Protein chains: 2
Amino acid sequence: MSKRVTIDDVARLAKVHKATVSRALNEQTADMVHGATAERVRQAARELGYVPNAMARALRVNVSMTIGIVVPDLMNPIFPPIVRGIERVLQPRGYTVLVANTDGHADVEAAAIESLTRRRVDGFILATGRLDDEQSLAAAHADGIHVVMVNREAAAGAPYPSVSGDNTAGVALSLDHLLELGHTRLLYLAGPQNYSTTRSRAIAFQSLVRGRNGLTTSVVEVGELTAEAGSAAMDRVLSSPGPLPTAVLAGNDLVALGVLRSVRRHGLRCPEDISVVGFNDMTFAEDFCPPLTTVHLPLVDIGAEAARILLAGIEDGEPRRSTVELPVSLVVRKSTGPAPRSHVGSLEQGAAE
Amino acid sequence: MSKRVTIDDVARLAKVHKATVSRALNEQTADMVHGATAERVRQAARELGYVPNAMARALRVNVSMTIGIVVPDLMNPIFPPIVRGIERVLQPRGYTVLVANTDGHADVEAAAIESLTRRRVDGFILATGRLDDEQSLAAAHADGIHVVMVNREAAAGAPYPSVSGDNTAGVALSLDHLLELGHTRLLYLAGPQNYSTTRSRAIAFQSLVRGRNGLTTSVVEVGELTAEAGSAAMDRVLSSPGPLPTAVLAGNDLVALGVLRSVRRHGLRCPEDISVVGFNDMTFAEDFCPPLTTVHLPLVDIGAEAARILLAGIEDGEPRRSTVELPVSLVVRKSTGPAPRSHVGSLEQGAAE
DNA sequence: TTGTAAGCGTTATCAG
DNA sequence: CTGATAACGCTTACAA
């Protein structure tokens, strides 16, 4: 536990003042010192195994080179790619990333933000997508800490820049695909409405569907964005009376996965009896049973772009106000197919075209 | 960007010395100050929105309350559960977690460790499982920073405690299962041998299989622990001459997934033509096509246990030397079935029982 | 119970 | 080009 070596130790060995050591070891200021001196200092540092204390530096210069990322749950497969994207741009610039999970609870989110604020992160990237106003975040923001939202639709008076996929386009793509396959009885399985992504997807669905003739549509809200919740919701749908939907659009892939499980359990086949389309194109969506047709979001890029905007804000001083929506695409796999013939005749509302 | 409020600001408002503020706001020392004074201080702090500077504190007390986690790739689904487990025990104790990805490269791993050392983490949890000796880690360790390995078999002279699943038992379980199903021609698809987990699994396989009559076994090493590498390796196996294995044990689930894909592409059916068993029971293994039979590792527990050991070491001062192997279980799903009858007669070596 | 003062390891500023 | 000094925000002997 030999007391850590400090800049003073290096100075002593190199027979210079610690200020000189500081200058010699710093890229920015290295040219302020004589070449030979600098080399002597570097040599001494190497010899002693000197590792600068980033906290002392941060305290002095008031910049921690640290970014806090807040996610609901790293185990949700959409977040690791986003985090990777963020790291990909931050790491090379010398930033380190602090990740906090919130489990989707507002109070632990507040605690996480507070904890990161204590650590004096230079900025926040929030991937929680909750719509509730966050007290501690606003406070941090007021103190000049930059914030970028990710995977979150910017609200009207959005105080923070945001980066997300084009949810409306994604829903439109899915819808077109299903319509082309002849589906007329559609179910939208929406996520909780206090998540902006799922909310905006649901809104997109409603407005795209409105005014189309020959369509029977319904929207059911699932309590959580998990396979379990999706499964439970679909169970309820499948065991309720009346004609079943021939296709379901899920709020995200996890929900879609739950639907797949439920459909299987009920002895129905996907896509023969019912088509399913997801959202996000999470890792392994192609390996599901059947491989999931879903809207592909460029998650890594979304993370990277968020990081870039954050950095730009930090460097300018001026917080940006951008709202970026990255393009999405539909990747058609095996969970969607032609609408089942047997149902065509049994429409009970809406005129068939 | 109003200059952050400091302890002095609070002191001024509460009309006490900053030392008193420090004492009042600190759980440990709060009882050293008069109740009324403490309340006044808390009130002032609240009023000003005071958030203590953790770095200044860390600098003073020489404890950062920060733990560095080093993983190869957060996008590999086995790591998020481990990280969650770690957080689950660290968070409540006030620790914050710094996660660094290495992409499996030794040099970026070194850089990550150095970066975390600069930040003066109180400990490391390494989930990289590489066997290469890490220079900067040894240096940190020599300076009294605690280290715990996770998902890594302890080598003979292991300098650090480690927590992992019982790999040998896992392989034994898989093997027994396949033997019971009548498989006699077995392929082990091992991961790279510089990962201790995959190495010890491969060794377990070899030694368990040795001396068993009536078995034809082979071991093929795949270059990486990814679905792509697994797929490529299996492609090679399937397009080589000679009788095919009736069952393959994969070094981990990702490799198994690659095998599944390859098998499908080659027009073979799993498990009718070939059985596949994985290792790890990663999230969504049950949703693969077919659902994957695999060895379940208690990943969250593994992470949690690692964190506990780390904390114990930090609190004692004395680094532990424990090597923990958590029990594993086989979860049988649909990717394994009876050995195909058609092959029974065509064994070309080893006596059928 | 509270105040004083020193110091944690850096870097910025100002002299030399 | 280099050295001295102060300051970043906090905790902790020690003193009152």
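It should be emphasised that the depicted structure is a prediction, and the values quoted were computed from it without experimental measurement. Just so we're on the same page: letters track the sequence lines, and every chain starts at 1.
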Worksheet, complete the sentence: Between CG of B:Asn62 and P of C:dG7 the distance, given in whole Å, is 16 Å
Practice prompt. Tell whether B:Arg23 reaches the base of C:dG3 with its side chain through a donor-acceptor pair below 3.5 angstrom.
Written response: yes
Worksheet item: Does anything in residues 11-22 of chain A reach DNA chain C, meaning a heavy atom under 4.0 Å, and if so which residues?
Response: A:Lys18, A:Ala19, A:Ser22
Item to complete: Please round to 10 degrees the angle between the axis of the first five pairs and the axis of the last five pairs in the helix from C:dT1-D:dA16 to C:dG16-D:dC1.
Response: 40°
Discussion item. Using whole Å, what does the distance between atom C1' of nucleotide C:dG9 and atom CZ of A:Arg60 come to?
Written reply: 11 Å
Practice prompt. Would you kindly give the CG-to-P distance between A:Leu25 and D:dC1, to the nearest whole Å?
Written response: 17 Å
Item to complete: Provide, to the nearest angstrom, the distance between the CD1 atom belonging to A:Ile7 and the C1' atom belonging to D:dG3.
Response: 13 Å
Worksheet item: Ignoring hydrogens and angles, are the base of C:dG9 and the side chain of B:Arg120 linked by a donor-acceptor pair under 3.5 Å?
Response: no
Worksheet item: Quick one: B:Arg40 CZ to C:dT1 P, roughly how many Å, whole number?
Response: 14 Å
Discussion item. Between A:Asp9 and A:Arg4, does any NZ, NE, NH1 or NH2 come within less than 4.0 Å of an OD or OE carboxylate oxygen?
Written reply: no
Worksheet item: On DNA chain C, nearest-nucleotide positions of A:Met32 versus B:Gly35: which is more 5'?
Response: B:Gly35
Discussion item. So, does B:Thr37 get its side chain near the phosphate of C:dT2, meaning an N or O under 4.0 Å from OP1 or OP2?
Written reply: yes
Discussion item. If you take any heavy atom closer than 4.0 Å to DNA chain D, which residues from residues 45-58 of chain B end up in contact?
Written reply: B:Tyr50, B:Pro52, B:Asn53, B:Ala56, B:Arg57
Worksheet entry | Between B:Phe124 and B:His146, ring centroids under 6.0 Å | no
Worksheet item: Which is it for A:Gln43 and A:Arg46 under the side chain to side chain donor-acceptor pair (under 3.5 Å) test, yes or no, and what are the steps along the way?
Response: CA-CA 5 Å; A:Gln43 171 58 30; A:Arg46 215 173 307 125; 3.0 Å; yes
Worksheet item: Which of these nucleotides, C:dG9, D:dT2, D:dT12, is closest to any side-chain atom of A:His34?
Response: D:dT2
Worksheet entry | Point-to-point distance, once rounded to the nearest 0.5 Å, from CD of A:Glu109 to OG of A:Ser136 | 7.5 Å
Worksheet entry | A:Ile82 and A:Val150: CA distance, side-chain angles, deciding distance, side chain to side chain contact (heavy atoms under 4.5 Å, CB included) verdict | CA-CA 9 Å; A:Ile82 294 178; A:Val150 108; 4.0 Å; yes
Fill in: Inter-residue atom distance A:Ser164.OG - A:Glu305.CD, 0.5 Å rounding
11.0 Å
Fill in: Short N-O contact, B:Arg42 and B:Glu47, less than 4.0 angstrom
no
Fill in: Nearest listed nucleotide, side chain of B:Leu59, among C:dT11, C:dT10, D:dG9
D:dG9
Worksheet entry | A:Thr197 versus A:Asn151, side-chain donor and acceptor atoms under 3.5 Å | no
Fill in: Interatomic distance, B:Arg118 CZ vs C:dT10 C1' [rounded to whole Å]
12 Å
Worksheet entry | Separation between CG of A:Leu90 and CG of A:Leu310, rounded to the nearest 0.5 Å | 7.0 Å
Practice prompt. Let me know the distance between CG of A:Asp8 and P of D:dG3, rounded to the nearest Å.
Written response: 13 Å
Worksheet entry | Between D:dC10 (C1') and A:Arg119 (CZ): distance, integer Å | 15 Å
Discussion item. I'd like to know if A:Glu114 and A:Arg119 make a salt bridge, using a cut-off of under 4.0 Å between side-chain N and carboxylate O.
Written reply: no
Item to complete: Please test A:Ile125 against A:Val70 for side chain to side chain contact (heavy atoms under 4.5 Å, CB included), starting from the C-alpha separation and ending with a verdict.
Response: CA-CA 6 Å; A:Ile125 296 183; A:Val70 184; over 6 Å; no
Worksheet entry | Presence of salt bridge, A:Asp143 and A:Arg120, under 4.0 angstrom | no
